[in-house]
Amino acid sequence: MYSYKTRGTCSREIQFDIENDTVKEVRFIGGCMGNTQGVAALAKGRPVDEVIRLLKGIDCGGRGTSCPDQLANALIAYKNQQA
């Protein structure tokens, strides 16, 4: 299980598992429960690069980021660690 501390969102942390470059599990700590559960469910089973492509740059209320964008950032950080 990997962990990423979010910045600029209501959620405080994202925990996730990756297997064979596929998102297996995502859990948001904090944030809007319905939205974060929905994002987590939609990311599950998808390739890491696809999730990044779909979620990167999504903005929440003019904050410059969002929980989905933070998940993309978490996955980018994960990929950079693996390189």
Side-chain angles (χ1 to χ4, degrees):
M1 180 77 61
Y2 297 90
S3 179
Y4 180 84
K5 298 291 184 192
T6 60
R7 295 173 190 87
T9 61
C10 299
S11 65
R12 299 178 307 279
E13 181 180 348
I14 303 170
Q15 299 171 344
F16 58 97
D17 276 330
I18 306 293
E19 186 178 300
N20 298 324
D21 205 38
T22 299
V23 177
K24 290 297 180 186
E25 188 69 38
V26 178
R27 276 185 243 129
F28 286 84
I29 309 301
C32 304
M33 185 179 270
N35 290 334
T36 57
Q37 284 180 342
V39 169
L42 291 170
K44 196 183 222 182
R46 291 182 186 261
V48 169
D49 288 336
E50 180 180 358
V51 175
I52 293 169
R53 182 180 55 77
L54 290 170
L55 302 182
K56 185 72 182 136
I58 293 176
D59 181 67
C60 179
R63 293 178 181 174
T65 191
S66 64
C67 290
D69 182 60
Q70 288 294 295
L71 176 55
N73 290 341
L75 295 173
I76 290 167
Y78 162 81
K79 284 184 62 166
N80 288 339
Q81 280 183 342
Q82 304 305 305

Are the side chains of [Y] and [X] in contact, using a 4.5 Å heavy-atom criterion?
X     : Y     : answer
Arg12 : Lys5  : no
Arg46 : Leu54 : yes
Asn73 : Lys56 : yes
Gln82 : Ile18 : no

Passes side-chain contact (heavy atoms from CB on, under 4.5 Å), Lys44 versus Lys24? Steps please.
CA-CA 5 Å; Lys44 196 183 222 182; Lys24 290 297 180 186; 6.0 Å; no
To the nearest 0.5 Å, tell me how far Asn80 CG sits from Leu75 CG.
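These two atoms lie 11.0 Å from each other.
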Out of curiosity, Glu50 CD to Thr22 OG1, how far, rounded to the nearest 0.5 Å?
9.5 Å
Hphob cluster co-occupancy, Leu71 + Leu42, side-chain heavy atoms under 4.5 angstrom
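Unlinked, Leu71 and Leu42 end up in two clusters.
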Answer yes if Ile14 and Ile29 sit in the same cluster of Ile, Leu, Val, Met, Phe, Trp and Tyr residues linked by side chain heavy atoms under 4.5 Å apart, and no otherwise.
no
What is the minimum heavy-atom distance between [X] and [Y], and which atoms define it?
X     : Y     : result
Ile52 : Ile76 : CD1-CG1, 3.7 Å
Tyr4  : Gln70 : CE2-OE1, 3.5 Å
Cys67 : Phe28 : O-CE2, 3.6 Å
Ala43 : Val51 : O-CG2, 3.8 Å
Thr9  : Arg63 : CA-NH1, 3.9 Å

Taking CE in Met1 as the centre, count heavy atoms belonging to other residues, nucleotides or ligands within less than 6.0 Å. Is the count above 12?
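More than 12 heavy atoms, drawn from other residues, nucleotides or ligands, come within 6.0 Å of this atom.
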Check whether any side-chain N or O of [X] sits under 3.5 Å from a backbone N or O of [Y] as a donor-acceptor pair, and report yes or no.
X     : Y     : value
Asp59 : Gly64 : yes
Thr6  : Ser11 : yes
Ser66 : Ile58 : yes

